Amino acid sequence: MSITSEQPSKPSFLGGLVSWGMLALLVACLGAGLFFVEGLNALLTAWKLPEYSHGPLIPVLSGLLFLRQLKDVPIQTGPINDRWVGVAVVAGSLILGGLGKLANIPDIVAYALILWTGGILLISFGWKTGKHFWPPVVHLVYMLPLPDTLYYKMSTYLQFVSSELGVWFLRLLSVPVFLDGNIIDLGVLKLHVAEACSGLRYLFPILSFSYIFAVLYKGPMWHKAVLLISAAPITVFMNSVRIAIGGFLVNYYGVDWLEGFTHFFEGWVIFISCILILFLLAWVMLLFQRPRRSLVEALDLETDGLWDQAKRLGLVMPSAAMLSAVALIAGALLAWQAAPDRSNIEIDRTTFKAFPRTLGDWQQAGVSRALDEATEVSLAADDYHNVTLRSAGQPDVGLFMAWYEDQSDGGVHSPEVCLPGGGWEIAWLERTDISDRVQSDSVFEINRAIIQKGETRMMVFYWFEQKGRRLAWDMEVKFWLVMDGLRTGRTDGALVRLTTIITADETDAQAEARLHTVLEQVTKPLDRFIPAQ
């Protein structure tokens, strides 16, 4: 489509109420909504979470950014010959969305929807003009949930930084406090990291605000970069201050004061405080700029004329490129309808309840232990096995297995993230291939780790089972998850973990040998419980 000043002569539909170009655009949007519906559903689901509750505002803010930019674009007259790049981008978005649908990973479909939006803008305005509308399109990224692996790694790291900094502030205030993994011990009260760091849920909306702030800021590019990347450290700092104030109140005024403070400070106080610090940062940078400007002058907050820009949609003209995009979407919808249904794939497996109680010389002690409710909810496994194995004259070995029928919305959590949350420090971690040792015809990768808490040390083996593959790297698991989803529609997988204490009278090598002995026994019946086919 193109936008022209020759409004009286535009082809019309429905008695002139809707132009043919506008109709083509509406059909393209409707078709995209139908094709990318899994991505839209994934967004609606993610937006129910506190971390992404700002999501519905992102498309609105992106639309306002677009209309602001449109004020600087004159109404185009004459033909536009460089919009076929947009058709190629739309085709790419449909391919990416189709792959996400085949792999049964709706987040990929949601990412493809943003690419489609960029393609439509390039079709509408042509490459020469449309490429300048990247800021509102990129801003749409902030409405998407992060991939789970990245989210857990990032949030865990930020939680510990926030807790460490909060405890440091408390010690400056002469408040007795002890940090043990994910527990902040105030003596009369113990806070878990998840509770202490709930203020980090404002990180994502603050990141979105800092992006808009940087776009509207009229200053050097390095100023914009500082404003953009400062959101995360500002949020962590404010959450650390919140932890410190809460600890101070508990120490001097009692536990009862904490609840009221928490309800007050967990609301918009953190968000507003972070925004004020962002404004303060911009003001400080402006102090050193010549010629000196005020913060009001440095921010382009002009909102007049946005409605007039929105009405320019009525000037849409039909184009071969837009009709091609409609045809591509229609073809993609028809192809998907003709594709075989892979949503009801049955997986033939035996539950962990039937897992052998005897593994060589090792005997299961008792029954599988249930996890506490919070851990079980966080784990979100469809089946798990948590037992202690014993053998005469040997220290115990812990066996934990978690199986997921569908990893498209979550999946296994790496112990590399979870173990520090339990107060354990990873002293050493190495990925290694043990296929020769277990006489495996294929690669068998495991993570070998030594973890410690105080003077207690443990040896840990863990690996991921992904349709017959034994993998050690969680990002590799995600890659094969996509590949398996594309080829078979299955996204099942599992985690297997072995742990044993390193006693004072034995070497690390002896503890490792013990785990290898158990590992060889555990893998023999494993295919029935974690099927490869």
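Since the model is a prediction, treat every value here as computed from it, not as a measurement.
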query = Under the salt bridge (Lys or Arg N to Asp or Glu O under 4.0 Å) rule, what pairs show up with a residue in residues 30-46, not counting sequence neighbours?
reply = Glu38-Lys101
key: side chain to side chain donor-acceptor pair (under 3.5 Å) partners of residues 222-233, not counting sequence neighbours, each pair once   = Tyr217-His223
remark   = Applying ring pair (Phe, Tyr, Trp, His ring centres under 6.0 Å) to Phe400 and not counting sequence neighbours gives none
ask   = Under the 3.5 angstrom rule, does the side chain of Asp382 hit a backbone N or O of Glu405 as a donor-acceptor pair?
value = yes
query = Partners of Leu276 by side-chain contact (heavy atoms from CB on, under 4.5 Å), sequence neighbours excluded?
reply = Ile272
key: Partners meeting side-chain contact (heavy atoms from CB on, under 4.5 Å) with Thr45 (sequence neighbours left out)   = none
inquiry  = So does Phe204 get a backbone contact from the side chain of Ser208, meaning a donor-acceptor N/O pair under 3.5 Å?
reply    = no
note = Across all chains, not counting sequence neighbours, the ring pair (Phe, Tyr, Trp, His ring centres under 6.0 Å) partners of Trp463 are Phe444
query = What pairs meet the salt bridge (Lys or Arg N to Asp or Glu O under 4.0 Å) rule with one or both residues in residues 58-72, with sequence neighbours excluded?
reply = Arg68-Asp300
ask   = Any luck finding a side-chain donor-acceptor pair between Thr491 and Asn104 under 3.5 Å?
value = no
task = Would you please name every residue forming a side-chain contact (heavy atoms from CB on, under 4.5 Å) with Ile114, sequence neighbours left out?
result = Val137, Leu140, Val141, Met143, Leu144
If you look only at distance, which donor and acceptor atoms sit under 3.5 Å apart when one is on a side chain in residues 52-64 and the other is two or more places apart or in another chain?
{"unit_1": "Tyr52", "atom_1": "OH", "unit_2": "Leu146", "atom_2": "N", "d": "3.1"}
{"unit_1": "Ser53", "atom_1": "OG", "unit_2": "Pro50", "atom_2": "O", "d": "3.1"}
{"unit_1": "His54", "atom_1": "NE2", "unit_2": "Tyr142", "atom_2": "O", "d": "3.2"}
{"unit_1": "Ser62", "atom_1": "OG", "unit_2": "Ile58", "atom_2": "O", "d": "3.2"}
{"unit_1": "Ser62", "atom_1": "OG", "unit_2": "Pro136", "atom_2": "O", "d": "3.1"}
{"unit_1": "Ser62", "atom_1": "OG", "unit_2": "His139", "atom_2": "ND1", "d": "2.8"}

Residue list, ring pair (Phe, Tyr, Trp, His ring centres under 6.0 Å) with Phe279, at least two apart or on another chain = Phe213
inquiry  = Test of understanding: with side-chain contact (heavy atoms from CB on, under 4.5 Å), list the residues that count as partners of Glu476, not counting sequence neighbours.
reply    = Glu445, Leu471, Trp473, Trp480
request  = List in chain and number order the residues that pass ring pair (Phe, Tyr, Trp, His ring centres under 6.0 Å) with Tyr384, two or more places apart in sequence or in another chain; answer none if no residue qualifies.
outcome  = none
inquiry  = I'd like to know whether Asp383 forms a salt bridge (Lys or Arg N to Asp or Glu O under 4.0 Å) with Arg349, so could you lay out the CA-CA distance, the side-chain angles of the two residues, the decisive distance to 0.1 Å, and finally the verdict.
reply    = CA-CA 11 Å; Asp383 191 13; Arg349 71 174 291 268; 3.2 Å; yes
ask   = Is the shortest heavy-atom distance from the side chain of Ile212 to the side chain of Phe209 under 4.5 Å?
value = no
